[in-house]
Amino acid sequence: MLDLQQLRKDLPTVINGLARRHVVFDEAQFRALEDERKKRQIETEELQAKRNAASKQIGMMKAKGEDTTTVMAEVAGWGDIQKANEVALGELQEKLNQFLRQIPNIPHADVPVGKSELDNVEVRKWGTPKTFNFTVKDHVDIGEALGGIDFETAAKLSGARFSVLRGSVARLHRALAQFMLNTHTLEHGYTEVYVPYMVNDHCIDGVTNLEKFRDDGFKIDGRDMYLIPTAEVPVTNFVRDEIVDAKQLPMKFACHTPCFRSEAGSYGKDTRGMIRQHQFDKVEIVQIVAPENSLAAHEELTRHAETILQKLELPYRTMLLCTGDIGFASAKTYDLEVWLPAQNTYREISSCSLYEAFQARRMMARVKNQQGKTEYLHTINGSGLAVGRTLVAILENYQNADGSVTIPTVLVPYMGGVTKLEMPK
RNA sequence: GGAGAGGUGGCAGAGUGGUCGAAUGCACCAGACUCGAAAUCUGGCGUACGGUUUUACCGUACCGUGAGUUCGAAUCUCACCCUCUCCGCCA
């Protein structure tokens with residue numbers, strides 16, 4: 001949610017900022033709502049003040065045993081007027097609130113203007129894609145040949161966009177999550193957290209737009225609960241409705257959860273394999289920081305995610321998303337894209353976003369700073385990394401001519417010393 | 001699922017219709033005392049929204065949530081949510 005104060009005091013900056021991401025701010029509607037709200041609010045509060053004073057007077061007169069019939073007669077009709085006022089004001093404020101909540105974040109000045117992902121800017125590239133002296137297979141063929149990925153059984157159980165992993169591939173999947181968590185907690189200073197996988201609608205609306213989310217999320221039938229689309233939702237909401245002490249910052253959390261997404265808008269996209277699933281595991285890293293530190297913290301967090309790819313020796317590139325491609329709540333986003341030999345291209349494996357105060361305003365998450373003033377926190381999160389897609393990247397990048405897959409060195413201890421996934425005999 | 005208790009400021013905890021945004025204690029901040037600290041004393045100390053003469057003053061709202069009764073609700077009524085205890089069931 002944008003800052004209402006800023007809209008009132010400095011509308012041009014907001015309009016220009018949104019224009020950079022090709023969003024047209026409806027100035028006429030905003031001004032009309034604001035004017036009406038202001039008029040109605042002043043009127044309502046003034047009458048209420050009058051009524052409060054009269055009631056207080058009645059109380060004092062009764063205490064002294066005086067006759068109050070005259071005053072009470074005067075006040076009698078005010079209640080109904082006031083009720084009508086309050087209803088009207090409430091409706092106006094709700095409209096204004098709805099209006100505000102549908103507006104996306106203003107892109108940070110660093111973000112390049114662009115229309116689509118084609119305009120994203122590569123800021124760095126790491127590693128060199130390996131050349132293979134045989135025809136590379138994709139992760140589906142590799143995994144099925146190893147007896148480790150089973151889409152048929154998954155389809156029987158749950159339908160499309162699910163997978164069953166078996167044996168050493170299932171273990172590799174687990175090893176990856178463990179390795180990521182250990183790296184972030186032991187080397188990057190994050191605190192490991194375990195959280196609910198179902199959350200209420202306040203949590204969803206705190207980090208994104210609930211209306212937008214409805215199409216892409218899974219709701220629990222008969223309850224106001226949703227399956228989390230990412231650990232960002234429960235973890236960021238730790239600070240909802242809180243005023244934290246400046247000494248508690250920065251907060252850094254690492255969290256491994258499954259993520260559930262309906263993928264409603266992606267029919268026909270990535271239908272093969274594990275790239276796009278209704279359920280996938282992810283290790284999420286989240287930072288909650290003081291406003292003045294957020295830009296640097298975002299860079300740091302992005303590097304933390306990159307570290308995982310480097311340790312796994314997977315070639316990747318870091319993309320700065322353009323204004324046309326950043327998410328609703330984001331002010332600035334880096335996507336990490338890993339090299340997938342079978343697709344002969346880089347594919348997203350992590351998204352690291354800086355939200356500034358956008359989520360904090362929705363969540364009422366604030367900090368009492370050193371000067372004793374209350375201000376909104378800044379929130380940052382990123383995938384560190386998506387476990388399923390990392391598994392895909394390893395199967396494809398580490399495949400051998402005989403169908404086996406070499407285990408990256410850092411994962412060997414997590415695999416109980418196994419250095420290679422072998423073809424079944 | 002059954003029975004009971006309860007939800008008040010950062011925390012603890014009073015308050016059962018009227019100068020209650022709310023006693024008191026703790027915590028916190030500032031000052032005094034002190035060489036310094038502790039102890040003690042004095043003062044301050046919620047949030048959101050709005051207005052204005054915009055680092056200040058004034059107003060409105062907020063005692064789990066929503067609705068109701070009333071001139072007036074933390075206090076009374078109803079519904080809902082949540083927490084805790086015991087029993088049952090259960091990974």
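Each chain gets a letter, A, B and so on, in the order its sequence line appears, and its residues count up from 1.
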> Does A:His304 have any side-chain hydrogen bond (donor to acceptor under 3.5 Å, both in side chains) partners at least two apart in sequence or in another chain, and if so, which?
Replying inline: A:Tyr190
> Does A:Lys38 have any side chain to side chain contact (heavy atoms under 4.5 Å, CB included) partners at least two apart in sequence or in another chain, and if so, which?
Replying inline: A:Ile42
> Taking the P atom of each, how far is B:G66 from B:C71, in whole Å?
Replying inline: 23 Å
>> From CE of A:Met60 over to C1' of B:C20, roughly how many Å is that when rounded to an integer?
In response: 14 Å
> Between B:C49 atom C1' and A:Glu94 atom CD, what is the distance in whole Å?
Replying inline: 15 Å
Identify the pairs formed between an N or O of the protein and an N or O of nucleotides 67-73 of chain B at a distance under 3.5 Å, and give each distance.
from  : atom 1 : to      : atom 2 : distance (Å)
B:C71 : O2'    : A:Ser55 : OG     : 3.1
B:C71 : N4     : A:Lys62 : NZ     : 3.4
B:G72 : OP1    : A:Arg51 : NH1    : 2.8
B:G72 : O4'    : A:Ser55 : OG     : 3.2

> Taking NZ from A:Lys9 and P from B:U52, how many angstroms apart are they, rounded to a whole number?
Replying inline: 12 Å
Donor-acceptor contacts under 3.5 Å from residues 350-357 of chain A side chains, at least two apart:
from     : atom 1 : to       : atom 2 : distance (Å)
A:Ser350 : OG     : A:Ser383 : O      : 2.6
A:Ser351 : OG     : A:Asp335 : OD1    : 2.8
A:Ser353 : OG     : A:Thr333 : OG1    : 2.8

> Starting at CG of A:Asp245 and ending at P of B:C11, how long is that distance when rounded to a whole Å?
Replying inline: 14 Å
Contacts under 3.5 angstrom, residues 416-423 of chain A side chains, donor-acceptor by atom type, not counting sequence neighbours:
none

> How far apart are the closest heavy atoms of A:His139 and A:Glu396, and which atoms are they?
Replying inline: N-OE2, 2.9 Å
> By side chain to side chain contact (heavy atoms under 4.5 Å, CB included), which residues pair with A:Gln248, not counting sequence neighbours?
Replying inline: A:Val244, A:Asp245, A:Met251
>> Under the rule for ring-ring contact (aromatic ring centres under 6.0 Å, His included), what residues qualify as partners of A:His173, not counting sequence neighbours?
In response: none
> With side chains defined as the heavy atoms from C-beta onward, is the minimum distance between A:Arg389 and A:Glu348 less than 4.5 Å?
Replying inline: yes
> Taking only residues two or more places apart in sequence or in another chain, which ones pass side-chain hydrogen bond (donor to acceptor under 3.5 Å, both in side chains) with A:Glu34?
Replying inline: A:Arg8, A:Arg37
> Taking CD1 from A:Ile243 and P from B:C45, how many angstroms apart are they, rounded to a whole number?
Replying inline: 16 Å
>> What is the separation between atom CE on A:Met225 and atom P on B:C81, rounded to the nearest whole Å?
In response: 13 Å
> How is the base pairing of RNA chain B summarised as a dot-bracket string, given the Watson-Crick and G-U wobble criteria with both distances under 3.5 Å, [ ] for crossing and | for another strand?
Replying inline: ((((((((.[[[..)..(.....]]].(((((.......))))).(((((((...))))))).[[[[[..)....]]]]])))))))....
>> Rounded to the nearest 0.5 Å, what separates atom CG in A:Leu309 from atom CG in A:Leu385?
In response: 4.5 Å
> Say you pick atom C1' in B:A39 and the same atom in B:C33; how far apart are they, in whole Å?
Replying inline: 11 Å
> Nearest nucleotide by nearest heavy atom, which residue falls closer to the 5' end of RNA chain B, A:Thr374 or A:Lys247?
Replying inline: A:Lys247
> Can you tell me how far C1' of B:C81 sits from CG of A:Asp201, to the nearest Å?
Replying inline: 13 Å
> Taking only residues two or more places apart in sequence, or in another chain, which ones meet A:Lys115 in a side chain to side chain contact (heavy atoms under 4.5 Å, CB included)?
Replying inline: A:His22, A:Asp119
Got a list of protein N/O to nucleotides 57-61 of chain B N/O distances below 3.5 Å?
from  : atom 1 : to      : atom 2 : distance (Å)
B:G59 : N2     : A:Glu45 : OE1    : 3.1
B:U60 : OP1    : A:Asn52 : ND2    : 3.3
B:A61 : OP1    : A:Gln48 : NE2    : 3.1
B:A61 : OP2    : A:Asn52 : ND2    : 3.4

>> From CG of A:Leu4 over to C1' of B:C49, roughly how many Å is that when rounded to an integer?
In response: 10 Å
>> Just to verify, what does A:Asp141 make a side chain to side chain contact (heavy atoms under 4.5 Å, CB included) with, not counting sequence neighbours?
In response: A:Lys137, A:Asp138, A:Arg272
> What distance, rounded to whole Å, do you find between the two C1' atoms, one in B:A3 and one in B:A22?
Replying inline: 34 Å
> A:Gln93 has a side chain; which of B:A48, B:C49, B:G51 sits nearest to it?
Replying inline: B:C49
